[in-house]
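Numbered from 1 within each chain, the chains take letters A, B, ... in sequence-line order. Computation of the quantities below employed the complete heavy-atom set of this structure, encompassing side-chain atoms and omitting hydrogens, waters and symmetry-equivalent molecules.
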Amino acid sequence: MPELPEVETTRRGIAPHIEGRAIRGVTVREPRLRWPVPVAALDVLKDTTVTAVDRRAKYLLLRTARGTIMLHLGMSGSLRVVSPDTPAAVHDHVDILFEGDACLRLRDPRRFGSVLWFDAEAPLPAVLARLGPEPLDPAFDGDHLYGRSRGRRRSVKDFIMDGRIVVGVGNIYAAEALFDAGIHPARAAGRVGRARYRALAQAIKRILGEAIERGGTTLRDFTSATGAPGYFRISLAVYGRAGAPCRRCGHTLRTRRLGQRATVYCPHCQT
DNA sequence: AGTGCGGCCTGTCCGC
DNA sequence: TGCGGACAGGCCGCAC
């Protein structure tokens, strides 16, 4: 379940290995990902140079003069740079082979991830066009949340997990940020005041920012681009701690389902 | 328009 | 021990 910090950590890990290098070929062992892998489009990328590795929301964007390869890690995806003669393991679905013998390998057991392509001539694809601001961008702040939430009756947790409002806030960080800001996750988005939204936006920025800075991860099974160890888990205040005492007040943390997902919160600190 | 839910997947864990 | 079922979760697309 790569969240935004994992995706950014992955971006930083793979970029030095592939930026400025030409693609030698693409191997697709399993095209049935979240969307079908556009094998034909990828096939003609031989000798095309990846000029930059960008990120938008949880999408990794491999820029070339012809267009962009868009990678999403879904829930279980990981990217590693391996030697081209490394045998492919089960769930190693796609390889992008580069000059200089770097092989970018996508593994994704659950296949919720995706490999997409959009042509340089084509308009911005819908999946990117509808996305809200990046959480660490100055354009995202408490006033943005406040303005977009007026009249909304859905839960504030669902609201901040909506990619049209702000991107990159998954289930784990939503729970953590709401705890930090003292907001009950089931509260209607339209009934959260401006000051509390400012606290919430700051919490989102701080928590995501710290996780990115430390190159850390919330994942049990996250592997870095080189497979190197050394990644540690970010300490989480509420996620995964249902039934345990709140670190702030000692009350027992509760769990409840909200929009199909488990949410942990402190019934005393979050109102 | 806003909201909520089903579906896509497989590995892991739980109870019987 | 083996097995079925619940659960995990990002994000699209559909129905109300």
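- Pairing partner, C:dT1: none, since no Watson-Crick or wobble contact has both distances short of 3.5 Å.
- With respect to the salt-bridge test (charged N to carboxylate O, under 4.0 angstrom), the residues A:R63 and A:D54 qualify.
- Side-chain contact between A:F118 and A:I69 is absent, with no heavy-atom pair separated by less than 4.5 Å.
- Residues A:H91 and A:D108 form no side-chain contact, since every pair of their non-hydrogen atoms from C-beta on lies 4.5 Å or further apart.
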Sort me out a list of protein N/O and nucleotides 3-7 of chain C N/O pairs below 3.5 Å, or just none if empty.
none

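- Where A:L33 and A:R154 meet DNA chain B, the nucleotide closest to each residue was compared, and A:R154 sits on the side nearer the 5' end.
- Under 4.0 Å is where a charged nitrogen must lie from a carboxylate oxygen, and between A:E99 and A:R21 no such pair does.
- Between A:E6 and A:K58 there is no salt bridge, since no side-chain nitrogen of the basic residue lies less than 4.0 Å from a carboxylate oxygen of the acidic one.
- A salt bridge does not link A:R198 to A:D141: none of the charged nitrogens lies less than 4.0 Å from a carboxylate oxygen.
- Between A:D47 and A:R24 there is a salt bridge, since a side-chain N of the basic residue sits under 4.0 Å from a carboxylate O of the acidic one.
- Geometrically, A:R148 does not engage A:Y146 in a cation-pi contact defined by less than 6.0 Å to the ring centre and at most 45° from the axis.
- Salt-bridge formation is not detected for the pair A:R261/A:D158: no Lys NZ or Arg NE/NH1/NH2 atom is positioned less than 4.0 Å from an Asp or Glu carboxylate oxygen.
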Anything under 3.5 Å between a protein N or O and an N or O of nucleotides 11-15 of chain C, put it in a table, one pair a line.
from	atom 1	to	atom 2	distance (Å)
C:dC11	OP1	A:H72	NE2	2.4
C:dC11	O2	A:R34	NH2	3.3
C:dC11	N4	A:R261	NH2	3.0
C:dC12	O5'	A:R130	NH2	3.3
C:dC12	O4'	A:R34	NH2	2.8

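- In this pair, A:H251 and A:H268 present their aromatic rings parallel. The plane angle is below 30°, not in the 30 to 60° band.
- Put simply, chain A comes within 4.0 Å of DNA chain B, heavy atom to any atom, from B:dG2 to B:dG11, going 5' to 3'.
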